[in-house]
**Q** 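Have a look at this one before I ask anything.
Naming: A, B, ... by sequence-line order, numbering from 1 per chain. Predicted model only: the values in this text are computed from it and were never measured.
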Number of protein chains: 2
Amino acid sequence: MTVLTGPPRTFSVSEVAVDSGVAPSAVRFYDTHGVINAVRTAGNQRRFDSSAACRIQVAKLAQRAGLSVREIAALFADLSADPTPDEWADVARRLVTEVEERVRDLKAQLAAMESGTRLCEIGRDDPAR
Amino acid sequence: MTVLTGPPRTFSVSEVAVDSGVAPSAVRFYDTHGVINAVRTAGNQRRFDSSAACRIQVAKLAQRAGLSVREIAALFADLSADPTPDEWADVARRLVTEVEERVRDLKAQLAAMESGTRLCEIGRDDPAR
DNA sequence: GTGCAGGTTCAACATATGTTGAAGTCAAGT
DNA sequence: ACTTGACTTCAACATATGTTGAACCTGCAC
């Protein structure tokens with residue numbers, strides 16, 4: 001069911017900027033690159049739903065964890081306006097899967113370094129010295 | 001103690017490139033930016049120790065996990081030539097601490113999204129509607 | 001309906017992370 | 001000593017991620 005709720009509030013670029021903690025120019029950038037989605041007023045101004053600031057907050061943290069804006073936009077692509085917790089859960093699952101894989105790969109390489117077994121130096125074949 | 005070992009082998013740019021799986025231009029780039037350290041021959045050519053390829057392999061994975069080249073160079077700064085497993089362990093500890101923090105931050109934000117509690121929309125104070 | 005804070009686009013700039021090409025030098029085998 | 005492939009630096013290019021400024025347009029409060 002859908003709870004009765006007034007006409008959904010919209011947000012201007014600078015409102016989303018404040019709510020998400022990035023510069024207005026960055027909000028426009030994320031719109032251009034599909035991280036958030038704007039509708040336009042009759043006068044061509046962007047209006048965002050309330051999920052825009054949330055998306056940007058997640059996107060910034062995902063970037064810090066190694067994902068590109070393009071990758072993040074792709075992950076957000078099947079998120080509706082004002083996404084449900086379920087939709088977020090689905091995005092979260094894929095996002096976490098991806099970053100954990102990257103961390104796993106890094107850890108595995110580091111473990112090889114620590115083991116001192118020269119696993120990474122396969123190329124350096126010593127026998128001929 | 002130090003095990004008896006011959007004069008340590010050195011590697012050219014293209015050897016390190018092959019051993020680490022990146023382009024020669026990237027090897028020079030990583031040298032310029034302090035991820036690896038070259039000594040120079042009498043004729044000004046770079047020569048690397050056997051750890052160079054390892055460092056690059058770790059660096060590439062660290063980049064995928066969100067660290068910048070500058071950050072990686074800083075972490076590698078107190079790594080000696082041909083680092084011991086202990087030195088790698090120390091670098092690994094700091095590296096993993098950093099990436100896990102980033103993943104933790106991302107997960108925390110995602111958990112807030114999934115909870116549907118509008119934690120991220122603090123800015124959107126509803127009372128006036 | 002006027003004023004003006006804030007919106008629009010576009011181009012230029014800035015930084016990070018490399019790649020490519022030119023012009024010249026080195027090293028290693030013969 | 002020559003040759004030749006690999007090395008050097010430097011500048012230009014390329015892509016990603018934004019920021020800034022100019023020139024112009026909107027929305028809203030008065």
Side-chain angles (χ1 to χ4, degrees), chain A residues 7 9-49 52-53 55-76 98 102 123 128, chain B residues 9-49 52-53 55-76 98 102 123 128-129:
Chain A
R9 225 207 110 163
T10 65
F11 298 81
S12 69
V13 164
S14 61
E15 284 173 328
V16 171
V18 168
D19 290 359
S20 63
V22 305
S25 63
V27 173
R28 295 195 185 90
F29 180 86
Y30 287 133
D31 179 28
T32 303
H33 291 76
V35 171
I36 55 181
N37 300 115
V39 295
R40 299 290 183 136
T41 66
N44 197 37
Q45 297 195 353
R46 291 171 180 85
R47 290 296 180 266
F48 300 96
D49 59 80
R55 287 175 181 233
I56 291 178
Q57 285 175 30
V58 171
K60 290 308 285 181
L61 294 171
Q63 280 183 276
R64 260 183 78 75
L67 277 79
S68 68
V69 165
R70 184 180 299 276
E71 288 168 330
I72 293 163
L75 277 170
F76 283 3
E98 179 60 34
R102 297 182 186 199
Chain B
R9 221 205 112 166
T10 64
F11 298 81
S12 69
V13 165
S14 61
E15 284 171 328
V16 171
V18 168
D19 290 358
S20 63
V22 305
S25 62
V27 173
R28 296 194 184 91
F29 179 85
Y30 287 133
D31 178 28
T32 302
H33 291 75
V35 171
I36 55 180
N37 300 115
V39 295
R40 297 290 183 138
T41 67
N44 197 36
Q45 296 194 357
R46 291 173 181 85
R47 289 298 179 265
F48 299 95
D49 60 79
R55 287 175 179 233
I56 292 177
Q57 285 174 31
V58 171
K60 290 307 286 182
L61 295 170
Q63 280 183 275
R64 261 181 78 75
L67 277 78
S68 69
V69 165
R70 184 180 300 276
E71 288 168 330
I72 293 162
L75 277 171
F76 283 3
E98 179 61 34
R102 296 182 186 199
R129 198 193 66 214

**Q** Report the residue from A:N37, A:V16, A:V69 that forms a side chain to side chain contact (heavy atoms under 4.5 Å, CB included) with A:Y30.
**A**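 Running side chain to side chain contact (heavy atoms under 4.5 Å, CB included) over A:N37, A:V16, A:V69 with A:Y30 returns exactly one hit, A:V69.
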**Q** Got a second to check how far A:L75's CG is from A:R70's CZ, nearest 0.5 Å?
**A**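 Spacing of CG (A:L75) from CZ (A:R70) equals 13.5 Å.
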**Q** Take atom CZ of A:R40 and atom P of D:dT26, then tell me their distance rounded to the nearest Å.
**A** 13 Å
**Q** Do A:Q57 and A:R55 pair up side chain to side chain, a donor and an acceptor below 3.5 Å, judged on atom types alone?
**A** no
**Q** From CG of A:D31 over to C1' of C:dG7, roughly how many Å is that when rounded to an integer?
**A**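 After rounding, the gap between these two atoms is 13 Å.
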**Q** Output the distance between atom CZ (B:R46) and atom OG1 (B:T41), rounded to the nearest 0.5 Å.
**A**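 One gets 10.5 Å once the value is rounded to the nearest 0.5 Å.
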**Q** Protein-nucleotides 19-21 of chain D N/O pairs closer than 3.5 Å?
**A**
residue : atom : partner : partner atom : Å
D:dT19  : OP2  : A:S25   : OG           : 2.5
D:dT19  : OP2  : A:A26   : N            : 3.1

**Q** Rounded to the nearest Å, what distance is computed from the OH atom of residue A:Y30 to the C1' atom of nucleotide D:dT17?
**A**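 It is 8 Å, rounded to the nearest whole Å.
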**Q** D:dT17 P sits how many Å from A:I72 CD1, rounded?
**A** 8 Å
**Q** Is any side-chain N or O of A:K60 closer than 4.0 Å to OP1 or OP2 of D:dG18?
**A**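 Yes, within the criterion.
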**Q** Atom CZ of A:R64 to atom P of C:dA16: distance rounded to whole Å?
**A** 16 Å
**Q** State the CZ-CD1 distance between A:F76 and A:I56, to the nearest 0.5 angstrom.
**A** 9.5 Å
**Q** Rounded to whole Å, how long is the line connecting atom CZ of A:R46 with atom P of D:dT26?
**A**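 Nearest whole value for this atom pair: 15 Å.
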**Q** For the side chain to side chain contact (heavy atoms under 4.5 Å, CB included) test, which of A:K60, A:Q63, A:H33 pairs with A:I72?
**A** A:Q63
**Q** What integer distance in Å separates B:Q63:CD from C:dG18:P?
**A** 4 Å
**Q** Is there side-chain contact between A:E98 and B:R64, with at least one heavy-atom pair below 4.5 Å?
**A** yes
**Q** Considering only nitrogen or oxygen atoms on both sides, find all protein atoms under 3.5 Å from nucleotides 13-15 of chain C and state each distance.
**A**
none

**Q** Using atom types as modelled and distance alone, determine if a side-chain donor or acceptor of A:R102 lies under 3.5 Å from a backbone N or O of A:G66.
**A**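 A pair under 3.5 Å: yes.
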**Q** Does NZ or CZ of A:R9 come closer than 6.0 Å to the centre of the six-membered ring of A:F11, within 45° of the ring's axis?
**A** yes
**Q** Polar pairs (N or O, both sides) under 3.5 Å between protein and nucleotides 23-27 of chain C?
**A**
residue : atom : partner : partner atom : Å
C:dA27  : OP1  : B:T41   : OG1          : 3.4

**Q** What's the separation between atom OG1 in A:T10 and atom CZ in A:F48, rounded to the nearest 0.5 Å?
**A** 10.0 Å
**Q** Could you check which of D:dT17, D:dT9, D:dA6 has an atom nearest any side-chain atom of B:S14?
**A**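 Per side-chain heavy atoms of B:S14, the pick is D:dA6.
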**Q** If I take atom OG1 from residue B:T32 and atom CZ from residue B:R28, how far apart are they, to the nearest 0.5 angstrom?
**A**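 Going from the OG1 atom of B:T32 to the CZ atom of B:R28 covers 9.5 Å.
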